[in-house]
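Reading through the structure tokens given below for one structure.
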Protein chains: 2
Amino acid sequence: MKGYGQYCPVAKATEILNERWTLLVLRELLFGSRRFNDLRKGVPLMSPTLLSKRLKFLEESGVIERCRAEPGKGWEYQPTTAGQELRPLVEMLGIWGQRWVRSRLTPDELDPGLLMWDIRRCTDAKLFTSRRTVVQFEFSDAAPSKRRWWLVVSDKDGVDLCLTDPGFEVDLYIFTDLRTMTALWMGDMPLRHAFDSGRIELEGPPELRRSLQSWLQRSPFGNVQNQNPKRKVSLDTKTRRQLRL
Amino acid sequence: MKGYGQYCPVAKATEILNERWTLLVLRELLFGSRRFNDLRKGVPLMSPTLLSKRLKFLEESGVIERCRAEPGKGWEYQPTTAGQELRPLVEMLGIWGQRWVRSRLTPDELDPGLLMWDIRRCTDAKLFTSRRTVVQFEFSDAAPSKRRWWLVVSDKDGVDLCLTDPGFEVDLYIFTDLRTMTALWMGDMPLRHAFDSGRIELEGPPELRRSLQSWLQRSPFGNVQNQNPKRKVSLDTKTRRQLRL
DNA sequence: CAGTATCCGATGCGATACTG
DNA sequence: CAGTATCGCATCGGATACTG
């Protein structure tokens, strides 16, 4: 009894899309992940068995295709035309979520691996020179094994993320905590404020410290404004007036 | 372990919306149903217990509000601002479903109650005169107890749907089968074709028979074109060329 | 009319280990 | 690296009956 027994196209679409995890897997695919283990990084709490099952179902449903990767090693998953057409839907879902059900950033929703994987994906290598730049993130409150991360970027080799010291000399150190970095990423806190309150500190040459705000992106949903009054940390005057406070 | 443990707004939105039935309940609310038992008619296979549970959760989540109905009798549910903002999402879902996963109209997806409820909702009473018009639908292939339905419409009293003979004189009889009527409703078959092939027959005064196509609407998704080649009944030439057939 | 109470069965899914 | 195999519990939700 999987379906809804309705001819309505909303029901038919929902039958495909609203199994647990499915929309998050799709999000990963639409944001560019192609390999099984890359997809896993975007949904770390999902078991590989289940991911495999979902991918199969999405393929059956005509949303994605599984095809051989270039060199002869392994497979890749990519959205079909039908899958591509779901992009606006996933975006709207994210925008709505950001407006109305923004995460409270409870400890269980803070994950350095997920955050750094997001940051990696949104870091534009073209903003860097051909000389390799190494940025080390250190999260004071993360578990020891996930405290330090290295972003290795260059114009031509793209962006690489390491959890073990790659051995290169570090150009820029970023000291902060996971909650602050996540809040920055999600647009919950201005970078300015994080510096002023000492929640983030840099170490490295001045020009690299200054360039940080140009290459360190926020989440694609980072500039969507929160609309939910209950979840608003600080109310702007317009909202206060609306609520008659 | 209900959530996804992710700060991502897509995940947060999904936690609210992708429980089974939730999006269909929301569809009903956005299409105008306000009362518990009206909502039930839109999701007849959902148990009242579960509907109640979903409504509570949607209320907790800030998507809908439960408020007293006018006269002092009972409650009504209505979307909040956050809920209203989900309308485009539900519409997109329906459009995508209609393009790519259109129902095959298998027997379990044919339901005269659901269909007539849909038709009732989309019938515009303003297209009728102040004189009461009674239209009787008869589905040759429906279960005896669901064969005949009456639509009672007038300019000022709106549209009423009955499963038991309301006793008024019938102005227009529509004889057809459930599959044909559903296909017409979903835009899978042109009205012209249904008449020409004898799948639908009318009985009543000529001007009322002629006016049928003006007031009998199709589903809100009825004019969305199917894109899925596997599900296409007849391929147009452009598609045939694309597929090199 | 508008739900609640209760029960039980299917199964979804998480956990862990394993393989080509 | 890219998945599969197996297992067992929890819970979701379907069915039915009941109530203010």
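Chain letters run A, B, ... following the sequence lines, proteins first and then strands; every chain starts at 1. All values below come from the heavy atoms of this structure, side chains included, with hydrogens, waters and symmetry mates left out.
Note: CZ (Arg34(A)) to P (dC1(D)) measures 19 Å, nearest angstrom. What separates CE of Met46(B) from C1' of dT16(D) is a distance of 17 Å, to the nearest Å. Between Glu19(A) atom CD and dT11(C) atom C1' there is a gap of 12 Å when expressed in whole angstrom units. One interatomic measurement links the two molecules: CG of Leu51(A) to C1' of dG14(C), which rounds to 14 Å at whole-angstrom precision. The interatomic distance linking Asn18(A) (CG) with dC12(D) (P) rounds to 14 Å, in whole Å. Per the geometry, CZ belonging to Phe57(A) stands 12 Å off P belonging to dC13(C), to the nearest Å. One atom, CG of Leu45(B), and another, P of dT16(D), lie 13 Å apart when rounded to the nearest Å.
Neither OP1 nor OP2 of dG12(C) sits under 4.0 Å from any side-chain N or O of Arg20(B). Taking 4.0 angstrom as the limit, Trp21(B) places none of its side-chain polar atoms (N or O) nearer than this to OP1 or OP2 of dC12(D).
Trp96(A) places a side-chain N or O within 3.5 Å of a backbone atom of Ala82(B) that can act as its donor or acceptor partner. Proximity of a side-chain donor or acceptor of Arg66(A) to a complementary backbone N or O of Trp75(A) within less than 3.5 Å is not detected.
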What pairs of nitrogen or oxygen atoms, one from the protein and one from nucleotides 2-6 of chain C, lie under 3.5 Å apart?
| from | atom 1 | to | atom 2 | distance (Å) |
| --- | --- | --- | --- | --- |
| dA2(C) | OP1 | Arg35(B) | NE | 2.7 |
| dA2(C) | OP1 | Arg35(B) | NH2 | 2.1 |
| dG3(C) | OP1 | Arg66(B) | NH2 | 2.7 |
| dG3(C) | OP1 | Tyr77(B) | OH | 3.2 |
| dG3(C) | OP2 | Tyr77(B) | OH | 3.0 |
| dT4(C) | OP1 | Lys56(B) | NZ | 2.6 |
| dT4(C) | OP2 | Ser52(B) | OG | 2.3 |
| dA5(C) | N6 | Thr49(B) | OG1 | 2.5 |

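For Trp215(A), the ring pair (Phe, Tyr, Trp, His ring centres under 6.0 Å) partners two or more places apart in sequence, or in a different chain, are Phe128(A). Not counting sequence neighbours, the partners of Arg87(A) by the side chain to side chain donor-acceptor pair (under 3.5 Å) test are Gln84(A). Under the rule for a side chain to side chain donor-acceptor pair (under 3.5 Å), Thr133(B) has no partner lying at least two apart in sequence or in another chain. In this view, Trp117(A) satisfies the side chain to side chain donor-acceptor pair (under 3.5 Å) rule with no residue, not counting sequence neighbours.
Judged as a side chain to side chain donor-acceptor pair (under 3.5 Å), the pairs with a partner in residues 152-174 of chain B (not counting sequence neighbours) are, in order, Arg131(B)-Asp171(B). The ring-ring contact (aromatic ring centres under 6.0 Å, His included) contacts involving residues 12-33 of chain A comprise Trp21(A)-Tyr4(B), where partners must be two or more places apart or lie in separate chains. Residue pairs meeting the salt bridge (Lys or Arg N to Asp or Glu O under 4.0 Å) criterion with at least one member in residues 134-153 of chain B, sequence neighbours excluded: Glu138(B)-Arg147(B).
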Once pairs are restricted to Watson-Crick or G-U wobble with both distances under 3.5 Å, how does DNA chain C read as a dot-bracket string, [ ] for crossings and | for other-strand pairs? ||||||||||||||||||||
